[in-house]
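A short write-up of the structure that comes next.
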Amino acid sequence: MPLQVAGLWLPLAAVLLAVAGILLALHRRRAVILTSLGTALAGALLALAVTVTRGITLDDLPATVSRAAAGAVYDALTHALRVAAWVILGVGLATAAAVWLLRRRRSPAPPSPSK
């Protein structure tokens, strides 16, 4: 039961803290870009962790267990986690790129010299 509760509240708490940090930042665009890149990094690390632990898990199996069957079970159990990791990575990179491009597009033009 505690893991089910944490599974619901921890992502919500992370989003609320990120939004609060962005709202309190002096340079909000930079804060959004850095928060998005941090989120993308977290997604990449999660995808890497799932891949690495798959190998570790399958290497620790006894010789009597079918490695292919265990791999299929592991993949089935971690499929949603892998999809979430790639979505987190993609959304983080897309958000950072969008804010960066909007920042470049909206940068103020230098003042024209007056005579």
Side-chain angles (χ1 to χ4, degrees):
M1 185 64 143
L3 286 178
Q4 291 173 343
V5 172
L8 294 174
W9 288 105
L10 285 178
L12 181 61
V15 169
L16 290 176
L17 289 172
V19 169
I22 290 168
L23 291 176
L24 292 173
L26 295 176
H27 303 283
R28 287 192 181 145
R29 283 188 184 141
R30 186 182 315 164
V32 170
I33 290 171
L34 291 175
T35 302
S36 299
L37 290 176
T39 302
L41 178 63
L45 290 175
L46 178 60
L48 179 66
V50 170
T51 302
V52 168
T53 55
R54 181 185 195 277
I56 293 170
T57 302
L58 295 181
D59 287 343
D60 285 344
L61 292 174
T64 58
V65 175
S66 168
R67 192 170 164 90
V73 170
Y74 184 91
D75 292 341
L77 291 174
T78 60
H79 177 73
L81 192 58
R82 278 183 285 136
V83 170
W86 286 109
V87 168
I88 291 168
L89 173 66
V91 168
L93 289 177
T95 303
V99 172
W100 184 77
L101 289 172
L102 285 175
R103 172 193 225 177
R104 295 289 175 216
R105 192 178 67 121
R106 290 186 182 176
S107 45
S112 60
S114 59
K115 293 185 180 180

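The figures here come from the full heavy-atom set of this structure, side chains too, leaving out hydrogens, waters and symmetry mates.
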Under the 3.5 angstrom rule, does the side chain of [X] hit a backbone N or O of [Y] as a donor-acceptor pair?
| X | Y | answer |
| --- | --- | --- |
| Thr95 | Gly92 | no |
| Arg82 | Asp75 | yes |
| Ser66 | Ala69 | yes |

ask   = Taking 4.0 angstrom as the limit, do Arg54 and Asp59 come out as a salt bridge?
value =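 Looking at Asp59 together with Arg54, the answer is no, because their closest N to O distance does not fall below 4.0 Å.
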
Test item: [X] and [Y] side chains (from C-beta on) under 4.5 Å apart, heavy atoms:
| X | Y | result |
| --- | --- | --- |
| Leu93 | Leu37 | yes |
| Val32 | Trp100 | no |
| Thr39 | Val91 | no |
| Val52 | Ile56 | yes |

inquiry  = Let me confirm one number: the CZ-CD1 distance from Arg29 to Ile22, rounded to the nearest 0.5 Å.
reply    =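 Nearest 0.5 Å value for the CZ-CD1 distance: 13.5 Å.
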
Please name the pair of heavy atoms, one in [X] and one in [Y], separated by the smallest distance, quoted to 0.1 Å.
| X | Y | result |
| --- | --- | --- |
| Thr57 | Thr53 | OG1-O, 2.7 Å |
| Leu89 | Ala44 | CD1-CB, 4.1 Å |
| Leu58 | Gly71 | CD2-N, 3.6 Å |
| Ala47 | Ala85 | N-CB, 3.7 Å |
| Leu81 | Leu46 | CD1-CD2, 4.0 Å |

key: Audit row: Tyr74, Val50, side-chain contact (heavy atoms from CB on, under 4.5 Å) steps and yes/no   = CA-CA 10 Å; Tyr74 184 91; Val50 170; 4.3 Å; yes

inquiry  = Is there a path of hydrophobic side-chain contacts, each under 4.5 Å between heavy atoms of I/L/V/M/F/W/Y residues, joining Leu77 to Val83?
reply    =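 No, because Val83 and Leu77 fall into different hydrophobic clusters, even though each may have its own neighbours under 4.5 Å.
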
